[in-house]
Amino acid sequence: MLFSGLAEKLQDTFQKLKRKGKLTEKDVETALREVRMALLEADVNYKVAKDFTAAVKERAIGAEVIKSLTPGQQVIKVVHEELVRLMGETQSKIAPPSPPPQAVMMVGLQGSGKTTSAAKLAVHLRREGHRPLLVAADIYRPAAIYQLEVLGRETDIPVFSMGKEDPLQIARAAMKKAAQEQNDYIILDTAGRLHIDEALMSELGRLKEGLNPLEILLVVDAMTGQDAVNVAGTFHQQLGLTGVILTKLDGDTRGGAALSVRNVTGCPIKFSGTGEKIDAFEPFHPDRMASRILGMGDVLSLIEKAQQVVDVEKSRLLEQKLQNQSLTLEDFLDQLQQVRQMGPLDELMGMIPGMNKAVKGMKNMAVDEKELVKAEAIVKSMTRQERLQPEIINSSRRRRIAGGSGTTVQDVNRLLKQFGEMKKMLKQFSTMDKSRLKKTKGLFPFK
Amino acid sequence: MLNIFKDGLRRTREALQGRFDQLFTKNEIDEEFFEELEEVLISADVGVETSMKIIAQLQQQLRDARVKETAQAREMLKELLVNIMDGDEPALLSHASSPPTVFLVLGVNGVGKTTTIAKLAYSYRTEGKNVLMAAGDTFRAAAIEQLEEWSKVVGAGIIKHQTGGDPSAVIYDAVSAAVARKTDLVLCDTAGRLHTRANLVEEIKKVYRVIDRALPGAPHEILLVLDATTGQNGIAQAQYFQQAVPLTGIILTKLDGTARGGIVVAVKDITGIPVKLVGLGEKKEDLQRFDPSLFAEALLG
Ligand SMILES: Nc1nc2c(ncn2[C@@H]2O[C@H](COP(=O)(O)OP(=O)(O)OP(=O)(O)O)[C@@H](O)[C@H]2O)c(=O)[nH]1
Ligand SMILES: [Mg+2]
């Protein structure tokens, strides 16, 4: 499919590369081309994506990635960190209304979601202890004023409207009214307009001059494509935006427009609309947005967890053993223990993108927590000799191990069989194609 | 009739022209040429997959025909785009052999469904047809009132229920009324919904069934409205709606902005749904037929 997980793709790329030994600059470039494709498929602007991958390359080619044991994961991590950095800190705040009342202007293209966002913002501000007044200044779209009035009634937020007067007159009257009624913010719902519509853009300019608003928020549909840079750039140039609200994030869009908009305006993305309900309005999370743009699920948390528990030295040894196929049950136990330290298995599985689908096809996968506990008990009941040389485990030894670990002989047999299969598969590492790789992953989830 | 369309696409053309002129006056077809071509296509929202496909096809054709000059490459590219968008003839709207004809209009939030219905109504009104609007958006605040205002402007009838009512009930009433009155055209508005909403499919299916029950063989067009500023998500929109009902065409709105609407190239390539109409502004007159060759021409400057 179009949006198959980037993380998976990169892992595959690097999995292949690993067998070649050292990572070269060219290998990193190959991977970064995939990153670029993921960004473009997520609607990140062409130029922005290009500049971005160039910046990441510098870091990725540095020692921190190439020398690591898991370069694939490291590249993802660097990309993600850079994305978060580019999207800026969370600043999900509206400036304080001093002295009250202060004006907040909602601007944007037609159909971007200004009216709904205005109402959502009002509800949000009220929750923070403010007294917002909604102002109907979209005098063009049929029933726009009425729409705001309905939303006001539903949310119990006062709405000021004056019919189809000049928006600046409306706004001025609203400020007066707000002062009388002790509203500290007025939220102005303006008509949607094209950024190239000179007449309507200068109307906004006049509004700004006449009102001197505290905030001018650009409302952007998360599904916007490459044009987002033109739109946001022009609005920012002509009005000086103070922030962005990203709407319709409840869909399946990757929302790359967020990065483009942030990039050309430098303004913080303050909130995101995540549904039709009035309280579906959240502070913006750059980190989640970055994962989303890359199509990675929560793989980052997974990598971080792994980094906390995986002993690098041990991993290096294991790496070698995998290569000369001298893996023992002791290593197996080690791996099991590391995995268990990371938390409940099904939770971990859930963090891997596409995993739910994949799990169905993997019968051998030891996702069952109980199975893991059992396996650990079995290996622990073996002597050191047995762990290093499983071949010596005959039927009397099997009975003893089963007894010692509180399992059955069948359980012991199964474990030994699995281990044998895994070793066999490891042997095929060198000639391994993709489908076998998947199977191995199943038996040995974190290698 | 195509004049306004040309005018609307002028900006598209202007926006792209600079790039393509540069691209095609270079005279030499080299690696850089294809890279720039990729940038132009992707920047127009054609998308990675479809852009790559187009470029690969172009490369093949250039090799086969031993073309070395960019001027010829441009013609080939244009032809490729026209071929994807289907032929030289504008895709026409289907009508019932005897009235009423029923159109169902679908799309995600804010793409321009209601406005497009008003524009459609207006264009049929100018041909002297009777038009009935069905206020099937019973969800969004003031959606019914919005359609009602438009119905007055363009001189169309309207059938409406209450906000919060069952959309298929309104639409059933409208189609039944049109059958009784022998109205020429029924235009069914629907609520804008993100295509990922679980019950959307069921609701749209129900509306579709109900129309067929009120008038066997209807709806005669199921039109998906796509906003030209939409990026790659447009593909998912088309696919999800198509899963629910057999879409017969796309209306590409807001082509009067700077967005190039290249997403329809990908949508056509992937789903096969043709673009039939384009929206070029907010006024009742701002609707035109889609012309693939004009569109490709505009894209290529
Ligand atoms: N510039 C421009 N604006 C358009 C065009 N078509 C619609 N609009 C504007 O887009 C906004 C949304 O249009 P609507 O017709 O309300 O969209 P909708 O799909 O019915 O919206 P919902 O019912 O809320 O989902 C309005 O401000 C329209 O005037 C177009 O072709 N060009
Ligand atoms: Mg509507």
Side-chain angles (χ1 to χ4, degrees), chain A residues 2-3 36-38 40-47 49-50 109-116 119 140-154 191-197 221-231 234 247-248 250-257 275-276, chain B residues 11 15 38-40 42-45 47-49 51-52 108-112 114-115 118 139-150 152-153 163 191-197 227-237 240 253-254 256-263 266 270 281-282:
Chain A
L2 197 62
F3 295 147
R36 204 181 123 240
M37 291 303 161
L40 292 176
E41 279 172 358
D43 292 322
V44 173
N45 178 264
Y46 189 88
K47 286 228 162 60
K50 201 168 179 180
L109 294 182
Q110 294 97 337
S112 54
K114 287 172 297 303
T115 310
T116 314
Y140 301 103
R141 210 199 69 198
I145 297 172
Y146 182 61
Q147 185 186 352
L148 195 68
E149 284 169 351
V150 173
L151 289 172
R153 217 177 304 142
E154 281 171 4
R193 64 203 71 211
L194 288 173
H195 53 297
I196 50 169
D197 187 325
D221 185 328
M223 295 183 286
T224 311
Q226 298 283 321
D227 202 39
V229 286
N230 300 327
V231 175
T234 312
T247 62
K248 308 179 197 173
D250 48 327
D252 57 351
T253 184
R254 287 289 172 83
E276 282 161 339
Chain B
R11 285 193 208 96
E38 176 197 283
E39 174 173 356
V40 173
I42 288 177
S43 296
D45 289 319
V48 176
E49 217 177 87
S51 296
M52 294 306 172
V108 302
N109 310 67
V111 286
T114 307
T115 312
F139 182 81
R140 205 202 68 198
I144 298 171
E145 288 72 13
Q146 183 187 357
L147 192 67
E148 205 165 18
E149 278 197 35
W150 272 120
K152 286 177 197 147
V153 171
T163 298
R193 295 289 167 83
L194 286 193
H195 51 285
T196 45
R197 264 183 62 144
D227 180 331
T229 50
T230 307
Q232 297 311 294
N233 191 253
I235 299 167
Q237 290 172 27
Y240 276 91
T253 58
K254 308 188 192 176
D256 47 328
T258 49
R260 291 134 201 200
I263 186 61
I270 291 167
E282 297 186 86

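In what follows, every heavy atom counts, from backbone to side chain, and hydrogens, waters and symmetry copies are set aside. Since we're looking at a predicted model, the values are computed, not measured. Per chain, numbering begins at 1; letters A, B, ... match sequence-line order.
In this structure, A:L151 CG and B:R140 CZ are separated by 9.0 Å, a value rounded to the nearest 0.5 Å. With rounding to the nearest 0.5 angstrom, the CD atom of A:E41 is 7.0 Å from the CD atom of B:E49. Taken to the nearest 0.5 Å, the CG atom of B:D256 stands 7.0 Å off from the CD1 atom of A:I196.
Looking at A:Q110, both its backbone and its side chain come within 4.5 Å of chain B, counting heavy atoms on both sides. Contacts of A:R193 with chain B are absent, with no heavy-atom separation under 4.5 Å from either backbone or side chain.
A heavy-atom distance below 4.5 Å is not found between the side chains of B:R260 and A:D227. Contact annotation: the side chain of B:K254 never approaches that of A:L109 to less than 4.5 Å [non-hydrogen atoms, C-beta and beyond]. The shortest side-chain heavy-atom distance between B:E145 and A:Q147 does not fall under the 4.5 Å cut-off. For the pair B:L194/A:M223, a side-chain contact is recorded, criterion being any heavy-atom separation below 4.5 Å from C-beta on.
Contacts with chain A were tallied for B:T114, B:V48, B:V111; B:V48 has the most, counting heavy-atom pairs under 4.5 Å.
In terms of heavy atoms, B:A141 sits closest to A:V150 at CB-CG1, 3.5 Å.
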Please evaluate residues B:Q146 and A:R141 with respect to the criterion side-chain contact (heavy atoms from CB on, under 4.5 Å), reporting the C-alpha separation (whole Å), side-chain torsions for both, the decisive distance (0.1 Å), and the verdict. CA-CA 8 Å; B:Q146 183 187 357; A:R141 210 199 69 198; 3.7 Å; yes

